[in-house]
Amino acid sequence: MHSINNVFDDQQHTLNAMMSNPLDVLRRVWGYPEFRGKQGLVIENVIAGGDTLVLFPTGKGKSLCYQLPALCLPGTAIVVSPLVALMRDQVEELRELGVCAGALWSEQSSEDAIEVKRNLRSGDLKLLYVTPERLATGSLDSMLGSGGISLIAVDEAHCISSWGNNFRKDYLSLGRLKEMYPAVPIIALTATADPRTRQDIIRLLNLDNAEVFVDSFDRKNISYEIALRSNARTQLLDFLKRHKGESGIVYCLSRKKVEETVEWLNEHGIRAKHYHAKLDPALKAANQDAFRLEEGLCLVATVAFGMGINKSNVRYVAHLDLPSSVESYYQETGRAGRDGLPSEAFMVYGMQDIVQRGRMIDEGDSTDQIKRIERAKLNALVGICETTACRRQSILRHFGEDHPGGCGNCDTCTKPIETWDGTEASIKALAAIYRTGERFGVGHVIDVLTGKVTDKTKRFGHVDLAVFGAGKELTAAAWQSIYRQLLTLNLIRIEHDEFGAMKLQESAAAVFRKERAITLRKDRAVSRGERRKGSDTSPARSGLSAPDREIFEVLRQERLEISRELGVAPYVVFPDTTLIALATRRPTRLHEMLEISGIGQTKLERYGERFLRALQIAVE
Ligand code: ADP
Ligand code: ZN
């Protein structure tokens, strides 16, 4: 965060904003031409003094829903946020816009805290970010100026619910807010969609009279690709080729795999850093900072990494292991493309993932009932991996949202999956399990089917069975695929206590009796070089002509330099969308720059000249 002394040089700006209508404020302060989705309606409701619940997916622009009213109303808006990293990021962005904003947290430098408190008392501070406990103690009241509190925003409001994974005990204290400040409008915001969490938020924050605004959870700018694992590292490298110079996240299940992947990527010319829960705290913070401040960094992480990442230009999220549920998958992939530019979600998976995740559930210390829920969640995700329909449609259906399918922006849409009648093959596959006594893992059973003479097939007398070699017409890989699909179809299960032995489920009987036909998907051979056309261009830049792309790179360099001088993240100076608009429209005068989305008054004054000069040099 840069020096506090030069940030509030534009308070006039804030004062002007108070007298204008919301759209004017949006244009002048943020430089955005229009509200996005339901933002305008939400803002109207807040300014009118109503309580509000906002359920928008990531990237739809939730922050603006309270930041903008804060500028239009007298007094200071209090924003409750669960993480210091998030608060600092937002304060940084607001200060760059010329808005007087601050945060209070426990380990803050006293100099910064004194400045914030002074601005609070004088009534200049338009937004104050605090942790929940700070607010609930009421200790803020004595610090407030005569303007009082304009509104209270509860960000990441799902943290109040114990239903999801992000429960924060200190959020429960926020239940008293309504009683403490009955006249102050409360706005709660979350990207968590499920009904249970939503009910919890309303009940626990006493928001019974709140107006609820829901936006579609579809993230149109994110493309989804889920591929079978052949060689995960090569597949990842192929994928990353398109993202040279861009930032993204690669998720792995274990810390060991995180470390190995980082090493391997660095050896292959991709700048990567790691992040997991057990990492030395100083290194963890340094790597997280590097991800915010630098461009073109690949962060390889366990799920420990994510919340608190406000970076708007994360261009890709890759999963080398299966997450635990569709919810986690969507939350993790949702960290890509907050700025609305095309971004990619890529995942590899295989039979082994399903087995491994299943084992983690079975060996965990949850109650049987929770284990059942966890298994159901895993199955739902595997269902999305195995679907032959549009992935976006399958994902949104999981969240109770209808989508007609055929999105054209997922792998099943762009490369439709062929199916085949796998009834006969399934019967053979099931028979091989049955005849070998439901005691063996998938590797051995496939050896039997394909007639492979090994120590084990000889020792158990399996070479003499009728099923031995009965499946020679298919390769071992094809049988792997069939067993994986039988598992997804719940015709077989894997017994983790018995070293991964496959067992028949009751439902298999109908297949044996030929009462049930089985349609299977043809797995795509994943070979190198088989990717989409234009495969080494990032989708975010593929809309740019070659000369525009060069200019974009020059502007990016300028932005990086500015961000280094100020010690702020590049996306805080300007989002990628603004640089792209500059590169394509190439304004030559300062006032023309105001027509570019993302350039408001303050940023024009601060950076206009520099970008104009960079543009001139680049165009010549
Ligand atoms: P969320 O909190 O919902 O994930 P953010 O508030 O972080 O989303 O906003 C995501 C990005 O969209 C930010 O870069 C923000 O500046 C930008 N944004 C928000 N509203 C608009 C708008 N009306 N027009 C253009 N960009 C917007
Ligand atoms: Zn699709």
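Heavy-atom basis, side chains included; hydrogens, waters and symmetry copies ignored. Remember, it's 1-based here, ligands and their atoms both numbered in the order they're listed. Numbering of residues begins at 1 and proceeds along the displayed sequence. Given the structure is predicted, the values throughout are model-derived calculations rather than measurements.
Note: His243 and Tyr316 have tilted aromatic rings, judged against thresholds of 30 and 60 degrees for the angle between ring planes.
The salt bridge (charged side-chain N to carboxylate O under 4.0 Å, His left out) check on Glu561 picks up nothing, with sequence neighbours excluded. Applying the side chain to side chain donor-acceptor pair (under 3.5 Å) test to Ser481 and every residue at least two apart in sequence or in another chain returns Gln485, Asp523.
The 4.0 Å heavy-atom shell around ligand 1 contains residues Tyr32, Glu34, Phe35, Arg36, Gln39, Pro57, Thr58, Gly59, Lys60, Gly61, Lys62, Ser63, Arg338, ordered by chain and number.
The shortest side-chain heavy-atom distance between Arg292 and Glu92 falls under the 4.5 Å cut-off.
Excluding water, every protein N/O/S atom under 2.8 Å from the Zn ion (ligand 2) is given here by residue and atom: Cys390 SG, Cys407 SG, Cys410 SG, Cys413 SG.
With respect to Asp339 and Arg315, a salt bridge is recorded, a charged nitrogen being found less than 4.0 Å from a carboxylate O. Contact check on Asp548 versus Arg586 returns a salt bridge, with a Lys/Arg side-chain nitrogen under 4.0 Å from an Asp/Glu carboxylate oxygen.
Using a distance-only test at 3.5 Å, with no hydrogens or angles considered, a donor-acceptor pair links the side chain of Thr578 to the main chain of Ser597.
For an aromatic pair to be called close, the ring centres must be under 6.0 Å apart, and Phe611 with Phe574 satisfies this. The distance between the ring centers of Phe217 and Phe399 does not fall below 6.0 angstrom.
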